[in-house]
**Q** 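Here it is, the structure in full.
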2 protein chains.
Amino acid sequence: MKNTKQRGAIMKILEESAEPVGAEEIFARLRGEWPNLALSTVYRNLERFAGEALVHKDVFNDGVVRYSLSGEHHGHYLVCTGCSNKIRIDDCPLACLEQGLAHDTGYEIEGHTLTIYGKCPECARREKKEQRKKK
Amino acid sequence: MKNTKQRGAIMKILEESAEPVGAEEIFARLRGEWPNLALSTVYRNLERFAGEALVHKDVFNDGVVRYSLSGEHHGHYLVCTGCSNKIRIDDCPLACLEQGLAHDTGYEIEGHTLTIYGKCPECARREKKEQRKKK
DNA sequence: CTTCTTGCAAATAATTTGCACTCCA
DNA sequence: TGGAGTGCAAATTATTTGCAAGAAG
């Protein structure tokens, strides 16, 4: 894999951001510094990185694909369906389940997506207030 | 919600299929019986159903949104990243984790998405063969 | 040099929307 | 009958691809 400046710039964004980022977002953030960077270059490199297992690729519920460095510590989120506030879940109870599955099905497990949805205390309270108003 | 024949037909597909189905797939399956059903009607109704919590909406790793009846017994899938073959996972190890989270964060947990990805034995074998060819 | 990469523009794929017409309640 | 629902075509959005020109080793 050749070492090009656009490749480096894309990787730097990935390194700097704590949360997964999408191609369009990376493109927007690099627009200033690299005015004639092509969006397709971003997509191609992200796909490349994912292929080489340098980054982890994930499709979110909004349909956008986001990437994050694979070195980063594996984690999931608890997302509030009211205000979209996110809490990281460090505990991941799936390693064991995956082993069992690999054994039972013969699949080579590559990974998983897990996101938990709920209402944070404020949103839950607000929602109940609104329901009372309606009646 | 009015009871139209296309709405019924879409719901019937949902009821008949054990696995989550996408809009294009439902459209394809109904084209024979309803030759001038519009794809947009399928999309609109699925969104509607999801809004009324009649069906569960989920974005898969291939970027396609698939829907399944919410009444159905809760379950997750092991999806092959090669051929998209799906195996249902009846075991769900999250109830306990969710209780702990509710206690720790004060959130009212509403649900979660969990999908495991891997390669089925055939796809894994095929992929290895192709890699060897390249060298 | 020569192969890997990029930029640009055009092509897809999945989904959404505007609008006139249709059909259930 | 009146508004919810539909079909059709055109618009969006996210992503992919073909190809000639450019840069890295």
Side-chain angles (χ1 to χ4, degrees), chain A residues 1-14 17 19-52 54-68 113, chain B residues 1-14 17 19-52 54-68 79 81-84 86 113 115 117 134-135:
Chain A
M1 175 145 56
K2 280 184 183 172
N3 175 26
T4 71
K5 38 198 183 164
Q6 27 286 77
R7 203 159 263 175
I10 294 168
M11 190 50 94
K12 206 173 106 196
I13 297 282
L14 255 358
S17 61
E19 294 184 354
V21 279
E24 302 265 8
E25 193 179 340
I26 292 177
F27 179 65
R29 288 214 227 162
L30 289 174
R31 259 249 101 102
E33 203 178 346
W34 305 99
N36 42 6
L37 169 71
L39 184 52
S40 55
T41 298
V42 178
Y43 275 108
R44 272 190 286 230
N45 278 306
L46 289 172
E47 264 317 297
R48 186 79 195 276
F49 294 159
E52 313 265 335
L54 297 172
V55 303
H56 177 247
K57 174 184 180 179
D58 204 2
V59 185
F60 281 62
N61 261 5
D62 63 0
V64 177
V65 180
R66 296 195 174 76
Y67 303 79
S68 50
T113 65
Chain B
M1 175 144 58
K2 279 185 185 171
N3 174 27
T4 71
K5 36 198 184 163
Q6 27 285 79
R7 201 159 264 176
I10 294 168
M11 191 48 94
K12 205 173 107 195
I13 297 282
L14 255 357
S17 62
E19 299 180 350
V21 278
E24 302 264 10
E25 194 179 339
I26 292 178
F27 179 66
R29 286 212 227 162
L30 289 174
R31 211 174 4 216
E33 203 178 346
W34 305 98
N36 41 7
L37 169 70
L39 184 52
S40 54
T41 299
V42 179
Y43 275 107
R44 273 190 286 232
N45 278 304
L46 289 172
E47 264 318 296
R48 185 78 196 276
F49 294 159
E52 313 265 337
L54 296 173
V55 302
H56 177 246
K57 175 184 181 178
D58 205 2
V59 185
F60 281 63
N61 256 11
D62 62 1
V64 176
V65 181
R66 295 194 175 76
Y67 302 79
S68 51
V79 181
T81 55
C83 62
S84 295
K86 298 177 195 68
T113 64
T115 306
Y117 296 93
K134 271 188 193 166
K135 286 182 184 171

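Below, chain A is the first sequence line, B the second, and so on; all start at residue 1. Because the structure is a prediction, the values reported are computed rather than measured.
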**Q** Of all the choices, D:dT6, C:dG7, D:dA14, which nucleotide is nearest to the side chain of A:Gln6 once you look at every atom?
**A** C:dG7

**Q** Measure CG/A:Leu46 against P/D:dA14 and give the value in whole Å, please.
**A** 15 Å

**Q** Should B:Tyr43 be listed as having a side-chain N or O under 4.0 Å from OP1 or OP2 of C:dT16?
**A** no

**Q** If you find the nucleotide of DNA chain C closest to B:Met1 and the one closest to B:Val64, which residue's nucleotide is nearer the 5' end?
**A** B:Val64

**Q** Measure NZ/B:Lys5 against P/C:dT22 and give the value in whole Å, please.
**A** 13 Å

**Q** Which nucleotide, D:dG7, C:dG7, D:dT6, lies nearest any side-chain atom of B:Ala38?
**A** D:dG7

**Q** Take atom CD1 of B:Ile26 and atom P of C:dT15, then tell me their distance rounded to the nearest Å.
**A** 11 Å

**Q** Might you point out which heavy atoms bring B:Val21 and B:Ser17 nearest each other, and give the distance in Å?
**A** CG1-OG, 3.7 Å

**Q** So, for B:Tyr67 and B:Leu14, which heavy atoms are closest and what is the spacing to 0.1 Å?
**A** O-CD1, 3.7 Å

**Q** Starting at CG of B:Asp62 and ending at C1' of C:dT12, how long is that distance when rounded to a whole Å?
**A** 15 Å

**Q** Tell me if a side-chain donor or acceptor on A:Arg66 pairs with a main-chain N or O of A:Phe60 at a distance below 3.5 Å.
**A** no

**Q** Give the rounded distance in Å between these two atoms: NZ of A:Lys2 and P of C:dT6.
**A** 10 Å

**Q** If each of B:Gly63 and A:Pro35 is mapped to the nucleotide of DNA chain C with the nearest heavy atom, which maps nearer the 5' terminus, i.e. the 5' end?
**A** A:Pro35

**Q** Considering only side-chain heavy atoms of A:Asn36, which listed nucleotide, D:dT16, D:dC8, C:dC8, is closest?
**A** C:dC8

**Q** Just how far, in rounded Å, is P of D:dT15 from CD of A:Glu47?
**A** 9 Å

**Q** Using a cut-off of less than 4.0 Å, is there contact between a side-chain N or O of B:Thr41 and OP1 or OP2 of D:dG7?
**A** yes

**Q** I want to check something: taking the side chain as every heavy atom from C-beta on, are B:Arg29 and B:Trp34 in contact at a cut-off of under 4.5 Å?
**A** no

**Q** Contact class for A:Arg66 vs. all strands (heavy atom < 4.0 Å): base, sugar-phosphate, or nothing?
**A** nothing

**Q** Please report, rounded to the nearest Å, how far the P atom of C:dT5 is from the CD1 atom of A:Ile10.
**A** 12 Å

**Q** Establish, with yes or no, whether the OP1 or OP2 oxygen of D:dT6 is under 4.0 angstrom from a side-chain nitrogen or oxygen of B:Asn45.
**A** yes

**Q** Base, sugar-phosphate, or nothing: which does A:Leu37 touch, judged by heavy atoms less than 4.0 Å apart?
**A** sugar-phosphate

**Q** By nearest atom, which of the nucleotides C:dT6, C:dT16, C:dT15 is closest to the B:Leu39 side chain?
**A** C:dT15

**Q** Compare the minimum distances between each of D:dA24, C:dT16, C:dG18 and the side chain of A:Thr4, then state the nucleotide with the smallest one.
**A** D:dA24

**Q** With nearest nucleotide decided by heavy atoms, which residue, A:Glu24 or A:Arg44, maps closer to the 5′ end of DNA chain D?
**A** A:Glu24

**Q** Quick one: which of D:dG3, D:dA14, C:dT5 gets closest to the side chain of A:Arg48?
**A** C:dT5

**Q** Quick one: B:Glu25 CD to C:dT15 P, roughly how many Å, whole number?
**A** 12 Å

**Q** Does the side chain of B:Val42 reach to within under 4.5 Å of the side chain of B:Leu37, using non-hydrogen atoms?
**A** yes

**Q** Starting at CZ of A:Arg48, measure out to OG1 of A:Thr41 and round the result to the nearest 0.5 Å.
**A** 13.0 Å

